[in-house]
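Pasting a structure below so you can have a look.
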Amino acid sequence: MTTERVIEAAGVRKNYQGGTEGAGLNGFDLEVTAGTVTGLLGPNGAGKTTAVRILSTLLEMDSGTATIAGHDVRQQGGEVRRRIGLVGQYAAVDEVLTGRQNLVLFGRLNHLGRAKAVSRADELLERFSLTEAAGQAVSKYSGGMRRRLDLAASLIVAPRVLFVDEPTTGLDPAGRIEVWSAVRQLVDGGTTVLLTTQYLEEADQLANRISMLKDGRVVAEGTPDELKTQLGSDWLDLVLADPADVPRVVELAGPFADGEIRVHDVRVSVPVKDRTKALVAMANSLHEARIEPEDLTLRRPTLDEVFLHLTGAAA
Ligand SMILES: Nc1ncnc2c1ncn2[C@@H]1O[C@H](COP(=O)(O)OP(=O)(O)O)[C@@H](O)[C@H]1O
Ligand SMILES: [Mg+2]
């Protein structure tokens with residue numbers, strides 16, 4: 001595995017003319033290594049699309065630096081554009097044309113000869129499981145199929161780096177899973193992907209590394225596991241048979257809780273530092289108090305909890 005940096009951004013600032021003060025990017029940093037998927041995760045308005053537009057040369061930054069495969073996005077826009085693909089938040093394919101016609105058109109616009117454009121289109125239709133639907137107008141496609149066609153279109157000229165901006169927003173669960181599998185295939189094919197999303201689960205599923213974005217700045221960065229570990233505690237989850245036992249269980253858990261105990265109906269969640277010790281101690285205390293829980297489990301924090309902890313905002 002190489003460690004070549006294909007995306008590097010440092011201290012990028014962007015304030016929209018006439019926009020809200022502080023909206024945009026406020027010292028955005030990012031490093032993306034070749035052959036990985038990096039998830040740019042953040043709530044609506046965090047600056048994800050702004051970052052993608054700046055890195056893909058569609059928008060000028062106010063200050064800072066950014067390079068794609070070593071080429072400066074400000075000074076060498078042409079070199080950058082030759083190496084990137086962009087799948088925007090809204091579909092770029094033509095509704096009236098068929099899937100195959102769309103891909104052939106993209107190929108022709110990218111200076112492929114007629115025969116080459118057709119063969120490339122068929123190859124990509126196959127790769128994204130769209131061969132059967134290739135002759136249908138895109139207006140007949142489901143949301144998931146459209147997104148897959150979008151991804152295929154962006155790969156016509158095999159970019160080094162593909163920017164994918166919120167690929168599953170607005171899709172139903174089936175469409176979301178289709179798109180996830182398409183993104184995984186891209187990476188297997190060697191493309192480096194920067195994917196933005198508001199969904200923690202999506203970042204957890206697809207990304208090797210995640211940068212958590214809040215108010216135009218990265219507030220945490222690492223592998224999903226590293227981010228979960230950063231939070232420190234694991235959770236001891238208890239599900240009680242009798243709601244009347246909740247106060248007693250909270251009291252029993254007090255001595256080894258590493259932070260605030262959360263109660264939701266008959267579920268008591270206790271943050272703990274020393275996992276095994278806490279589990280044994282809790283089991284003993286419950287046994288002595290003659291409380292038999294329905295469930296007693298140890299778990300890692302979820303990315304949701306990490307995000308909540310770091311930003312105070314639910315993604
Ligand atoms: N063209 C624009 N003019 C003014 N403000 C904008 C413009 N585009 C985005 N913004 C503001 O910049 C912030 C970041 O937007 P954006 O990058 O689209 O966030 P995200 O993609 O994470 O939802 C938001 O507060 C948004 O309202
Ligand atoms: Mg956006």
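Counting starts at 1 for both ligands and their atoms, following the listed order.
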With sequence neighbours excluded, residues passing side chain to side chain donor-acceptor pair (under 3.5 Å) with Arg82: Glu79
When you measure from the centre of the six-membered ring of Tyr141, is the NZ or CZ of Arg147 closer than 6.0 Å and no more than 45° off the axis? no
Heavy atoms only: which of Gly18, Gly216, Gly24, Gly47 is nearest to atom 19 (O) of ligand 1? Gly47
Give the intermediate values and the outcome of side chain to side chain contact (heavy atoms under 4.5 Å, CB included) for residues Thr192 and Thr33. CA-CA 8 Å; Thr192 303; Thr33 305; over 6 Å; no
Could you pull out all residues at least two apart from Asp225 that satisfy side chain to side chain donor-acceptor pair (under 3.5 Å)? Arg300
Would you check whether Gly42 reaches within less than 4.0 Å of ligand 1, judged by its heavy atoms? no
N/O separation below 3.5 Å, Gly45 to ligand 1: yes
List ligand 1 atoms under 4.0 Å from Thr50, heavy atoms only on the residue side. 14 (C), 15 (O), 16 (P), 17 (O)
Measuring to the Mg ion (ligand 2), does Thr196 have an N/O/S atom at a distance below 2.8 Å? no
Flag if over 12 foreign heavy atoms under 6.0 Å of CD, Glu95: yes
I want to know if ligand 1 touches Lys48 in the polar sense, i.e. an N/O pair below 3.5 angstrom. yes
The side-chain hydrogen bond (donor to acceptor under 3.5 Å, both in side chains) partner of Trp180 among Gln185, Glu202, Glu201 is Glu202
With a 4.0 Å cut-off on heavy atoms, does Pro43 reach ligand 1? yes
May I ask you to list the atoms of ligand 1 that are less than 4.0 angstrom from any heavy atom of Asn44? 23 (O)
